[in-house]
Amino acid sequence: MSLEHSTKADLPATDDEAMLVRVQREDFSIDEELRRVRRRSKRIGGIAMFLGTARDRSKGKDVDGITFEHYEGMAQKKLREIRERALKDFGVIEVLVLHRYGEIGIGDNIVLIIAGAEHRAEAFRACQWAIDELKQITPIWKLEHTPEGEVWVEEHP
Amino acid sequence: MSLEHSTKADLPATDDEAMLVRVQREDFSIDEELRRVRRRSKRIGGIAMFLGTARDRSKGKDVDGITFEHYEGMAQKKLREIRERALKDFGVIEVLVLHRYGEIGIGDNIVLIIAGAEHRAEAFRACQWAIDELKQITPIWKLEHTPEGEVWVEEHP
Amino acid sequence: MIQLFGMTKMLAGNQGTLSLALPDGKRVKDLVSVIDAAYPKIGELLQKKKVLVSVNQEIAHEDLEVKDGDEIALLPPFAGGNR
Amino acid sequence: MIQLFGMTKMLAGNQGTLSLALPDGKRVKDLVSVIDAAYPKIGELLQKKKVLVSVNQEIAHEDLEVKDGDEIALLPPFAGGNR
């Protein structure tokens, strides 16, 4: 069976589709997530990815760890919207959007976007748009643990 | 020992440094390559990546496989230059540049760029510049295997 | 029942939900008034649009009518947002 | 000895290198003339700048003097290039 993107609309909605948009506590493997995107089509030639990780400093303060809280249901809904708009508006073949919640240690993974396209320009555009949009519209909150205490952060760059 | 990017110039040139720019026959794991970049600094908060893979079609023709040939020595030199300019010009913390040669099957990995920065804007800029530059200046050649025969390709998009 | 997240939980005395009675046919702005009376610190953030109200998982206009069974939440600024 | 890559290998009859004698003090353009005489198809691509000459792993200007022991190669268009 050929999984060309031109026929993607005809694909059965499998478990895979739900796996392409997730909010989860567990860490993830980039290789494994990439496999989900790549198996959708052999037409993919360029894959742009963004991985957000926990920095040890934020606005000049030391950070010891982060807790992410999300609005279950609405967070997933917004991430699904992001995937669907990226697929529709940027001419890409597949998009994966994944965000963790709970306790995140310094250096650990927080968020992953993968955009696979025939060519790299579309992949980069979709990936960059998706992470920008995610940070605008997704109901996820960030509590930074610093030596001076815990702070709810209004934005992370 | 703290591996902050501000002190990176003082780091001993380890095996690691050579591992950050490679031309190799073997496939690679993105998770493993990411570890090389991430371990350089806990200040990294945004990582942009580009992965180029072998498409099953090129300019309307079916492709069964690809062979990449490189100019040993000069190819590595150009990739090192790309890494160094990306580090110098884009305010990123670490950059990895990796290209395969030899026989590449459809769907397989060809090229990987990873750019790690404090924030995502720099990471994306460096990553996109690096892959554009790589395709301009790196002496690597591509032989496409098609049902009609083998063709040296002058550009791949 | 109104779901709380992030800083609004702390401002409500570390509870995850608010139970506020709202007569039928009322709008989001009426809800804001009721919250303002009970939790003035949250009320202030709502007035300033620092905290938004969502109804059924969409950010709601202040004139939206709130119906029985609607899923309501107070959304402080998102981690990545810049509003 | 001149290293060949990609299509230039085929045009030279599937050899990976060319051995051409070039007197001392000559320039890249003289090398191009010598190649043109022996391998006119490669010569044509060199004239059109579709194939470039590298000296010591840098693309060389036609006026660059070629010295004994220089590493010389003919570079057809790169896989990703658009020249």
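Proteins get letters first, then strands, A, B, ... in listed order; numbering begins at 1 in each. Model, not experiment: these values are computed from the prediction.
- In terms of heavy-atom pairs under 4.5 Å with chain B, the best-connected choice from A:I113, A:I30, A:V111, A:I131 is A:I30.
- Contacts with chain B were tallied for A:G45, A:C127, A:A123, A:A48; A:G45 has the most, counting heavy-atom pairs under 4.5 Å.
- Using a 4.5 Å cut-off between heavy atoms, A:I114 does not touch chain B at all.
- Screening A:R35, A:K42, A:R83, A:R43 against A:E94 for a salt bridge (Lys or Arg N to Asp or Glu O under 4.0 Å) leaves a single residue, A:R83.
- Note: A:D31 leads A:L51, A:L34, A:D31 in heavy-atom pairs under 4.5 Å with chain B.
- Judged by distance alone, with hydrogens and angles left aside, the side-chain atoms of A:N109 form no donor-acceptor pair with the main-chain N or O of A:D27 at under 3.5 Å.
- A donor-acceptor pair under 3.5 Å is absent between the side-chain atoms of B:T53 and the main chain of A:I47, judged by distance alone.
- Taking 4.0 Å as the cut-off between side-chain N and carboxylate O, A:K61 and A:E144 count as a salt-bridged pair.
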